Structures are given as structure tokens and as C-alpha cells.
Amino acid sequence: MAVTDKEKGPKGGISTFIVEKDFPGFKVGKHLDKMGCRTSPTSELFFEDCEVPEKNLLGELGHGFIAVAKESLEWERSVMVAPHIGLMEANLEDCVAYAKERKQFGQPIANFQAIQHKLADIKIAMDTSRMMIYRAAWLKDQGRPAEMEAAIAKLFSSEVASKAASEAVQIFGGYGYTRENRVERVFRDSKLGEIGGGTSEIQRMIISRMLLRGAR
Ligand SMILES: Cc1cc2nc3c(=O)[nH]c(=O)nc-3n(C[C@H](O)[C@H](O)[C@H](O)COP(=O)(O)OP(=O)(O)OC[C@H]3O[C@@H](n4cnc5c(N)ncnc54)[C@H](O)[C@@H]3O)c2cc1C
């Protein structure tokens, strides 16, 4: 994305380009060591006096921000959170099995109501997230606007997935804090959902802005 008309700013002054790796002025910087999602490499990218031919313009001139805000981000928010359902499913599977296996005070920890309630809360978080994500995806499939629904699905599912991941580590106790099991990894991976594709703060801003403009 690059500013092609400073005066217009985000309203028609930003355009999208395809930048090839060998274009002058484009450089890949250092690899960034992340806390989670480590199978997906992330690094710095530098665009310094980067020359891009006109034919590499993607879509119409000046439509970059509009295209991203209205199209890509809605899609991204609708689909990028679907893996959270998978994370919660994995958590639930691991936690149910571990709660039945781990014995304390002469009985499986699954017998303790405090543990049972955590399992129930993870299940509720997973099912409600699934419904919200399906609603946004259903609207997108029909070509209907889904800005509010995608923001709600993204915000809600990422926050409850993070909470569920934390509770899963709690169910595993000290073992959950080691790298010998999946709940530790899910705990680190799930945090990205609250940041990538627009932070939770930005999603709340989008939802409230739409409400104040008259959306219901
Ligand atoms: C692993 C990873 C992969 C990513 N992949 C991509 C990708 O493929 N494509 C891509 O485009 N981006 C990608 N991102 C970038 C991601 O979208 C941004 O990190 C994210 O949108 C937050 O922006 P920022 O990092 O600049 O945080 P900042 O904007 O600096 O935010 C810092 C804090 O301030 C808050 N804040 C900022 N502005 C406001 C405001 N107006 N009101 C209230 N609070 C505010 C934020 O919510 C946050 O809490 C990726 C990020 C990560 C970590």
C-alpha cells in the first residue's frame, strides 16, 4: 500500500501495488522471533525509494484503502478467526482427557466442580464463537456487507479463545506451564488473534462507530 495522493489521504489517496522481490529499494530485514505461531515466519520489510512499475497497480488508483477496509479486512476478520475454533477444540479435547487422568486428593480432578465449570466455559466459548463466525461467513458468501458482524466475530472469538487457552493451562496445573503438552503452545498461539487483523481496541472502535452512525 502506498500514498498516491496526499491530499485525499485514506479517502481515495492510497493505492495497492504488487512489489516483486527484485525491485530496487525493496529489502527483507531480520527475522522476528515470535512468542507463538512460530511455523509462520515473520520478518521486517523495507521499501526505501522503491520503484514499482505502473502495471503493478492492483485494482484502481486510489482504491487501495477502500478495497482493504471494505473487502480484504472483512474477509480476513471472517476467516482468520476460524482457527480459534480449532484451538478451542484442541484445548477441550486435551483438557477433558487430562482431567480424567490426573488424580489429586485420591480422585480424578474431573470430579472437582471448579474443573468441570472451566470445561463448560471453554465449550460455551467455542460454540458461541462458531455461530458468530458462521454468521459473518454466511453474509460474505452472499456478497452482503458484514463489517459489523465480522468485527464482532473477530473480537469475541479471539478474546474468548485467549481466555480458554489460559484456563486450559490452569487445568493442567504445573504441567501446563511446561513445553511438554499442546495447551502451552495454544496459549501462546491464541494471543495473536487479539492483535492481528486489527486489535480488539480497533474492533470495539469499528462496532461503536457503526452504532453511533445508526447501525443496529
Ligand atoms: C504475527 C503477526 C502477523 C501479522 N501479519 C500481518 C499481515 O499478514 N498483514 C498485515 O497487514 N498485517 C499483519 N500484522 C500486523 C497486525 O495487523 C498489526 O500488528 C495490528 O493491526 C496492530 O497494529 P500495530 O502492531 O501497529 O499496533 P499499534 O497500532 O501500535 O497498537 C498498539 C496498541 O495501541 C492500541 N491502539 C492503536 N490505535 C488505537 C486507537 N485509535 N484507539 C485505541 N487504541 C489504539 C492498539 O489496540 C494496541 O493495543 C501481523 C502482526 C503479527 C504480530
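Just so you know, these numbers come straight off a predicted model, no measurement behind them. Just follow the structure's listing: the first ligand is 1, and inside any ligand the first atom is 1.
- For CD of E54, the number of neighbouring non-hydrogen atoms (other residues, nucleotides, ligands) closer than 6.0 Å is 12 at most.
- Distance remark: protein heavy atom not present below 4.0 angstrom from atom 25 (O) of ligand 1.
- Protein heavy atoms are found inside the 4.0 Å sphere centred on atom 47 (O) of ligand 1.
- For atom 1 (C) of ligand 1, the nearest protein heavy atom lies under 4.0 Å away.
- For ligand 1, the atoms closer than 4.0 angstrom to any heavy atom of T199 are 22 (C), 46 (C), 47 (O).
- For atom 32 (C) of ligand 1, the protein comes within 4.0 Å by no heavy atom at all.
- When only interatomic distances are considered, the shortest N/O to N/O separation between E201 and ligand 1 falls below 3.5 Å.
- Ligand 1 does not have C37 within reach: every non-hydrogen atom of the residue lies 4.0 Å or more from it.
- At least one side-chain heavy atom of I206 sits less than 4.5 Å from a side-chain heavy atom of R209.
- When side chains are defined from C-beta on, K191 counts as touching E194, because their heavy atoms get closer than 4.5 Å.
- Between the side chain of K21 and the backbone N or O of V28, no donor-acceptor pair lies under 3.5 Å.
- Put simply, I14 and L58 are part of two different groups of oily side chains (I, L, V, M, F, W, Y) that touch within less than 4.5 Å, one to the next.
- The G198 neighbourhood of ligand 1 comprises atoms 21 (O), with distances under 4.0 Å to a heavy atom of that residue.
- Close approach of ligand 1 to G197 (heavy-atom distance below 4.0 Å) involves ligand atoms 17 (O).
- Distance check for atom 20 (C) of ligand 1: a protein heavy atom is found below 4.0 Å.
- Counting atoms of ligand 1 from 1 in the listed order, those under 4.0 Å from a heavy atom of K34 are 1 (C).
- Note that the CD atom of E147 and the CD1 atom of I207 stand 10.0 Å from one another [nearest 0.5 Å].
- Under the 4.0 angstrom criterion, atom 14 (N) of ligand 1 counts as lacking any protein heavy-atom contact.
- Closest heavy-atom contact between N91 and V186: ND2-CG1, 3.4 Å.
- Using a 4.0 Å threshold on non-hydrogen atoms, atom 44 (N) of ligand 1 counts as touching the protein.
- The nearest pair of heavy atoms linking E20 to F26 is O-CD2, 4.1 Å.
- Put simply, atom 53 (C) of ligand 1 has protein non-hydrogen atoms near it, under 4.0 Å away.
- When each atom of ligand 1 is checked for a heavy atom of L192 under 4.0 Å away, the hits are 1 (C), 2 (C), 52 (C), 53 (C).
- Around CD of Q107, the count of heavy atoms belonging to other residues, nucleotides or ligands within 6.0 Å exceeds 12.
- Residues I171 and L119 are in side-chain contact: their nearest non-hydrogen atoms beyond the backbone lie under 4.5 Å apart.
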